[in-house]
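What follows is a single structure, written as structure tokens, with notes after it.
Just so it is clear: chains get the letters A, B, ... in the order the sequence lines come, proteins before strands, and each one is counted from 1. Note that these values count all heavy atoms, side chains included, but never hydrogens, waters or copies made by symmetry.
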Amino acid sequence: MVPFSKETAMKKIVLIEDEQHIAEALQFLFTQQGWKVAMHNDGATALDLIRSEAPDLVVLDIMILNKSGLDVLREMRESKDIADIPVLMLTAKGQANNRMAAELAGATQFMTKPFSNAELIETVRALIP
Amino acid sequence: MITLNFVILIAASYGLMLFGIAYYADLRYRRGEGQLLQSPIVYTLSLSVYCTAWTFYGAVGSAVRNGLEFLTIYLGPTLLFIGWWWFLRRLVQTGRSEQVTSIADLISSRYGKSVSLGVVVTLLAVIGTTPYIALQLQSLSLSFSVFGDINTATPGAIVNSPTPLVVALGLVAFTIMFGTRNLNASERHEGVVIAIAVEALVKLVALLTIGITVTFWLGYQDGPPLSEQIASFSAQHSINTSRWTVLMLLSSFAVVCLPRMFQVLVVENRDDHQLAVASWAFPTYLLAMCLFIVPIALFGLSNLPSTANPDLFVLTVPLSQGHDGLALLAFLGGFSSATAMVIVAALAVSTMMSNHIILPLWFWMSGMSVSANDDLRRVTLIGRRACIILIILLGYFYFRLTGGTDALAAIGLIAFLGVSQVMPALVGGLFWRFATRAGALAGTITGMVIWGFTSLLPGIEGGLSNAGPLMPNGLFGWQWLHPNALFGVSFSDPLVHAFFWSIGLNTLAFIAVSLMTRATALERFQEMVFSQSARNMTAPRTTPIEGDADQLLVLSQRVLGRKATNQIFKQAARDQKVSGSLPNLTTSFIERLEREFAAVVGASTANAMISRVAGQREISVSALVAMADEAAQIVSYSARLQEKSDELERTAAELRVANMKLIQLGEQRDTFLSQVSHELRTPMTSIRSFSEILKDDAGADSQRGAYFASIINDESIRLTKLLDEILELSFLESGRIKIDISKCAVTDVINRAILATTSLTAETNAVITQTLHNPATMVETDADRLAQAVINLLTNAIKHNDKPTPEITIATQEIKVLNQGRLVISIADNGPGIAPQNRGLIFEKFASLSPGDASGGVGLGLPITKQIIENLNGELSFYSNDNGTVFKITLPLALTRADDTKN
């Protein structure tokens, strides 16, 4: 009904996840919410994509190809142009040290797999109001 | 003209006067007016007991015979007193602080209160002193005989007269009266010391008066000046340098070691000041004593008939000149010299004999028990008096036996050398930490034996036998055992020879044995006490001391007397703040009491006595030895402990390594679990997410729903497969899988594997080629497991192949390794090869080397394959490059039961 405002309000999310099925699930859920999703599975080139997309949020898995998600996050925080983008860290490991490592690296939020869809959406919404 | 009777009367009166002086001094001392005894002059004069009749008369005789050689006897002590004053001070201080009663006591105390050393030193003293006393009696007899007939003065006539015996008995009486009045040997003998000092003055005055008279009033007015005469006189006798050196050394040793010298020098000493004064006053006295020796000798030579005995010139010179008064004075001087020597020597030696021979003997015979009925004081007193009688009478009988011969003339130096055998042990004891009892015993006994053989024996043989030398060809006819040329080494002088061998071998044995033996605990303690580094230390005595204070009181009364005992006990009780007069038997009290005892009966006996009553078995010397042994055992035990601890250390190191391994294993397990967790969570995430989508989005796009459901299905299968693999790997790793060995053809196994991968091969257009070296090859192994391994490798080779047509070649080969047949199965592909950085990781669990799960594996396939092959006692290796990878399975052709059980 308010296409323009909707267009301008359309939030963009970069999703970096190398598990095909999980990536598909997230893409479906985010698109359902009306967010624009750019998917990527390689840690080595993740930063380039983030820089070119300039998203409102990065959803980042810790275990990705070629490079640790934590390293991607650290480099992100060190690059001025993309340092301020909020990052939601995903991990399949529930240990406390993972959470701490993520926070130290500069993660804005942290979620452990598996998660409920509702919880995920709520968390993302809180990050891109 | 003086008659013999008159001289005897004079001698008797002089003796009585000495009694009077001694008695008076004793009285004064007991009244507490003993200041005179503190005088360094009295101390110095008492030291003059060194100058006996042998030197008083004999010096002139020696000068006539050997020129200036007599000086050496004075030079030795002079050098010692001036040059080695610090040595004397150390000796005197030690003697004072340890309340030693004699030189034997000092030596025995230092070497662990050794009884045997005490006995040896005492024996040496007795052997050395007896002829010496005889010598004094001979001199006395000679001097008496001079007044009988001046020209035929021989001792022979007087030997059988009652005079020497009377003199001897008088000396016995004097020594007993003033020497054993007070039982406490270290409480000094004031009467004796004063009398000796008076005699010293008489000696000096007599010799000086005669010398001055001879030099300035008689004779020398006519002839050439005295200085020229002395010069020409001394020129007549060449100086034997080695003999002079030995004589000086000997006399300096003797001035310390002679029992009588030790008595006056150490035992009777009061303070360091006395010694400080004596260090110059005594040499001065000696100088005065030898000042006029040469003039008297020269005068006698020129004015007396050639038959006159030069040993009596001191007497005969004034007599021949009609100076009867002067002759009497000279007589009294000689009399003083002789009596002083006998008294002090008898006193010193009797103390040694009673403390080191009689008391231990009595103690041993009475069964080492001290009952209240034994009066120790009485035993000690009687013992000491008996010893005085014995020693003087021994001297007398020796004199009767050898009197009138030349045998006694040389006895002075022989005695010097005899007592000098104590010197190494004494000096070593004071200054050498490592000196031991065994060393002192060995050295002293060695020296004593050689001295007896090379000096004492040749010295007395001339007097005892008229058949010439006893051993002209050496002992048993062995030349090398000749008394004057031991080991074939002859010296210019028998004395030098005897000195060299006895003192030399003595010192050598002392040092060698000391170094070879280990000191006992008590010896080490005594060493510390003597080295002045531990004056206030208490003896290593176990505390608390068991024992009966009553019994100790009784014993103490027997030893110290009632009065002294009560005083000591009451004082101790007061100090301990104990009511009554019986103190607790503390270590310090026992120490104190033992010292008091030691002053009376010597250190070794005191130690034995106290140990008997107080502390019974705990504090005996043997207990100390046992303690020392125990300590040694502890040392060896601790050495063993050290070994054990080293062993434990090694075990601990091994344990640490094992623990590290366990920690690593634990970490590996944690890593594994965390990896498993990750691997489980990943499919679960998809499953949960899509099932929620389906639930919320029910009835939406059915096609999309079906797709989501298929994902859920795939992920569930993946989950199950993962769990299966984890379980299988865990079984394989723990070696708990069952191996079914059967004989089968290799071809069959490979065909089974190819068949199992048919669908995958079809999907990927893969081509599998077999190149079997020997199609008939049979292998004894678990065929199912082997097939599984081949399937895994085939699957990997196809799945990770990016070629449009994957080509797989399976080859088999038989080889021999160490005479054992082996089967090699290689599976080669034309894939991209394993990236170099991943080649070290491919057998690691969950090593995800490729993106996603395109291969359907979870990273456990290769680890499982490797485990299977290893369970079959084989090896899995690979080679990889850009053109592909070759996996190689090497297996024993026949897996035996042993191999099976090993797994």
Side-chain angles (χ1 to χ4, degrees), chain A residues 15-33 37 39-46 59-70 88-102 110-124, chain B residues 667 669-698 700-701 703-719 722 835 837-838 841 845-859:
Chain A
L15 173 60
I16 303 169
E17 165 66 80
D18 68 344
E19 281 287 338
Q20 180 66 32
H21 291 156
I22 296 175
E24 279 180 39
L26 293 182
Q27 185 190 28
F28 177 81
L29 288 169
F30 291 163
T31 314
Q32 207 178 30
Q33 292 299 318
V37 180
M39 278 171 47
H40 196 67
N41 69 354
D42 192 343
T45 50
V59 175
L60 182 60
D61 186 23
I62 281 190
M63 294 278 281
I64 46 173
L65 274 180
N66 296 327
K67 197 183 226 172
S68 161
L70 287 172
L88 170 61
M89 207 77 192
L90 298 179
T91 178
K93 292 180 184 172
Q95 284 93 344
N97 60 340
N98 264 316
R99 175 168 217 127
M100 193 181 286
F110 182 94
M111 286 194 83
T112 303
K113 298 173 189 173
F115 39 77
S116 77
N117 295 344
E119 190 188 351
L120 175 73
I121 298 302
E122 210 172 291
T123 307
V124 173
Chain B
E667 281 170 358
R669 191 201 57 202
D670 288 349
T671 312
F672 177 71
L673 283 177
S674 127
Q675 281 165 339
V676 167
S677 158
H678 177 262
E679 295 302 324
L680 289 175
R681 278 166 190 273
T682 302
M684 276 167 67
T685 306
S686 306
I687 292 169
R688 182 170 180 185
S689 203
F690 281 115
S691 53
E692 276 183 19
I693 291 171
L694 285 178
K695 192 178 79 185
D696 295 345
D697 203 22
D701 189 337
Q703 200 184 344
R704 200 176 59 194
Y707 174 63
F708 288 168
S710 79
I711 292 180
I712 292 172
N713 188 42
D714 285 353
E715 293 292 345
S716 300
I717 292 168
R718 179 182 168 192
L719 208 52
L722 176 67
Q837 71 271 19
N838 288 336
L841 300 172
K845 282 161 265 185
F846 304 114
S848 26
L849 311 175
S850 57
D853 59 344
S855 61
V858 290

Pick one of side chain, backbone, both or neither for Leu120(A), based on which atoms fall under 4.5 Å of a heavy atom in chain B. neither
Got more than 12 heavy atoms from elsewhere within 6.0 Å of CD, Gln32(A)? yes
Proximity breakdown for Ala118(A) and chain B, heavy-atom pairs closer than 4.5 Å: backbone
Tell me every residue that passes salt bridge (charged side-chain N to carboxylate O under 4.0 Å, His left out) with Glu692(B), counting only those two or more places apart in sequence or in another chain. Arg688(B)
Taking only residues two or more places apart in sequence or in another chain, which ones pass ring-ring contact (aromatic ring centres under 6.0 Å, His included) with Phe28(A)? Phe708(B)
Note, Thr685(B) side chain near Glu19(A) side chain (heavy atom, < 4.5 Å): no
Can you tell me how far the CG atom of Asp61(A) sits from the OG1 atom of Thr682(B), to the nearest 0.5 Å? 7.5 Å
For Arg681(B) and Lys113(A), which heavy atoms make the closest approach, and how far apart are they? NH1-O, 2.7 Å
So which of Ile712(B), Asp714(B), Ile687(B) actually passes side chain to side chain contact (heavy atoms under 4.5 Å, CB included) with His21(A)? Asp714(B)
Between Ala25(A) and Ile693(B), which heavy-atom pair has the shortest distance, and what is it? O-CD1, 4.1 Å
